[in-house]
Undergrad: 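Here it is, the structure in full.
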2 protein chains.
Amino acid sequence: MTQVRKRKPPPTPRQAAARDGPIDALLKPEFFKAFSHPTRVSLIACVAKCGRGCSVGEIAECCSVDFSVVSRHLALLARSGVLEAKKHGRTVFYTVRYAELCRSLRVLADALEQCCPEKGGTCGGKSC
Amino acid sequence: MTQVRKRKPPPTPRQAAARDGPIDALLKPEFFKAFSHPTRVSLIACVAKCGRGCSVGEIAECCSVDFSVVSRHLALLARSGVLEAKKHGRTVFYTVRYAELCRSLRVLADALEQCCPEKGGTCGGKSC
DNA sequence: TCTATACTTGCATTATGACGCAAGTACGCA
DNA sequence: TGCGTACTTGCGTCATAATGCAAGTATAGA
């Protein structure tokens with residue numbers, strides 16, 4: 001191998017898809033599904049902007065849907081890791097999981113950037 | 001006003017929700033809906049890992065659904081700004097919009113962090 | 001101009017998700 | 001132990017989305 005090492009040719013999409021990379025683990029549909037519905041997004045924004053733990057009843061006052069619907073959306077958001085639920089007596093306080101959320105978003109951004117050929121992504125190799 | 005300026009008490013969720021903040025503009029359900037379906041996610045990962053423009057036919061080889069389904073998902077991904085479509089003759093090449101995607105994710109992470117009380121988020125004020 | 005290729009679109013079917021109501025559970029307090 | 005509050009869960013209905021087939025459009029090349 002005396003030849004100068006050149007960038008490998010990009011793989012076919014089929015080859016690329018078969019290879020497991022960082023973004024496969026990061027692109028979780030369940031996570032993004034949390035943010036994919038207007039009602040849920042407004043609940044997240046409500047809790048985030050409030051900046052403290054909010055009860056289901058308080059949050060339900062912010063939107064026009066039924067209390068039970070809010071309860072279900074909040075439970076889903078907690079399951080998908082966007083919110084955290086803490087029970088105090090009869091009341092459940094929801095807070096945004098800021099640290100985990102920000103980390104997830106940034107890690108995904110980094111992983112995507114690694115795929116970008118213009119940013120030195122070695123997609124012909126194995127970084128993605 | 002000779003009193004020492006103290007952190008304002010957090011607003012009620014209702015007050016917080018009524019106030020418009022950066023994250024309201026950033027949490028677009030349509031954007032996240034793109035990532036909320038397993039088939040779409042695998043298409044995105046396929047194109048990203050491939051690292052070059054991929055045709056609909058090539059991408060369709062990577063997953064088990066019908067060609068027409070792939071075509072529709074790709075069109076949706078292009079509409080929501082995740083992919084870019086470029087037509088060369090009869091062939092449409094899809095690429096990941098790395099820069100815009102990474103930027104969106106990081107801006108959102110920053111905005112969320114601004115809401116976090118522990119990170120100095122002034123949610124009792126008007127940053128969120 | 002004809003044909004093959006590459007993709008899109010219309011349509012019917014099926015699956016999933018959102019919603020509201022009502023009933024149920026959990027918990028604090030008298 | 002009984003009652004009220006805070007929330008969850010079961011269920012039926014409706015809306016949206018996903019899917020596959022078949023037909024349609026666009027374009028390159030013979």
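In what follows, chains carry the letters A, B, and so on, assigned in the order in which the sequence lines appear, proteins first and then strands, with residues in each chain numbered from 1. Heavy-atom basis, side chains included; hydrogens, waters and symmetry copies ignored. Model, not experiment: these values are computed from the prediction.
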Undergrad: Side chain of A:D66, heavy atoms from C-beta onward: which of D:dA26, C:dG20, D:dT19 has the nearest atom to it?
TA: C:dG20
Undergrad: Starting at CZ of B:R40 and ending at C1' of C:dT16, how long is that distance when rounded to a whole Å?
TA: 13 Å
Undergrad: Hey, does A:Y94 reach any base, or is it just sugar-phosphate, or nothing, if we go heavy atoms under 4.0 Å?
TA: sugar-phosphate
Undergrad: Output the rounded distance in Å from CG (B:L74) to P (D:dT19).
TA: 12 Å
Undergrad: Can A:D24 and B:K49 be counted as an ion pair, charged N to O under 4.0 angstrom?
TA: yes
Undergrad: State which residues pass side chain to side chain donor-acceptor pair (under 3.5 Å) with B:R72; sequence neighbours excluded, sorted by chain then number.
TA: none
Undergrad: Quick one: side chain to side chain contact (heavy atoms under 4.5 Å, CB included) partners of B:R106, sequence neighbours excluded?
TA: A:A109, A:D110, A:E113, B:C102
Undergrad: Indicate the ring-plane relationship of A:H88 and A:F93, choosing parallel, tilted or perpendicular according to the 30° and 60° boundaries.
TA: perpendicular
Undergrad: Start at the 5' end of DNA chain C and walk down; is the nucleotide closest to A:K87 or to A:H73 reached first?
TA: A:H73
Undergrad: List in chain and number order the residues that pass side chain to side chain donor-acceptor pair (under 3.5 Å) with B:S68, two or more places apart in sequence or in another chain; answer none if no residue qualifies.
TA: B:D66
Undergrad: Which residues pass the side chain to side chain donor-acceptor pair (under 3.5 Å) test with B:T91, sequence neighbours left out?
TA: none
Undergrad: 5'-most contact on DNA chain C: A:H37 or A:H88, nearest heavy atom basis?
TA: A:H37
Undergrad: Examine distances only and state if a side-chain atom of B:R40 and a backbone atom of B:H73 form a donor-acceptor pair shorter than 3.5 Å.
TA: no
Undergrad: Using a cutoff of under 3.5 Å, can you pull out all pairs of nitrogen or oxygen atoms linking the protein to nucleotides 1-6 of chain C, with atom names and distances?
TA:
from, atom 1, to, atom 2, distance (Å)
C:dT5, O4', B:R90, NH1, 3.3
C:dT5, O2, B:R90, NH1, 3.2

Undergrad: Hey, what are the protein-to-nucleotides 9-14 of chain C N/O distances that come in under 3.5 Å?
TA:
from, atom 1, to, atom 2, distance (Å)
C:dG10, O6, B:R72, NH1, 3.4
C:dG10, O6, B:R72, NH2, 2.8

Undergrad: NZ of B:K33 versus P of D:dA15: gap in Å, rounded?
TA: 16 Å
Undergrad: Using whole Å, what does the distance between atom C1' of nucleotide D:dA18 and atom CG of B:L76 come to?
TA: 11 Å
Undergrad: Can you check the A:R79 CZ to C:dG17 C1' distance for me, whole Å?
TA: 12 Å
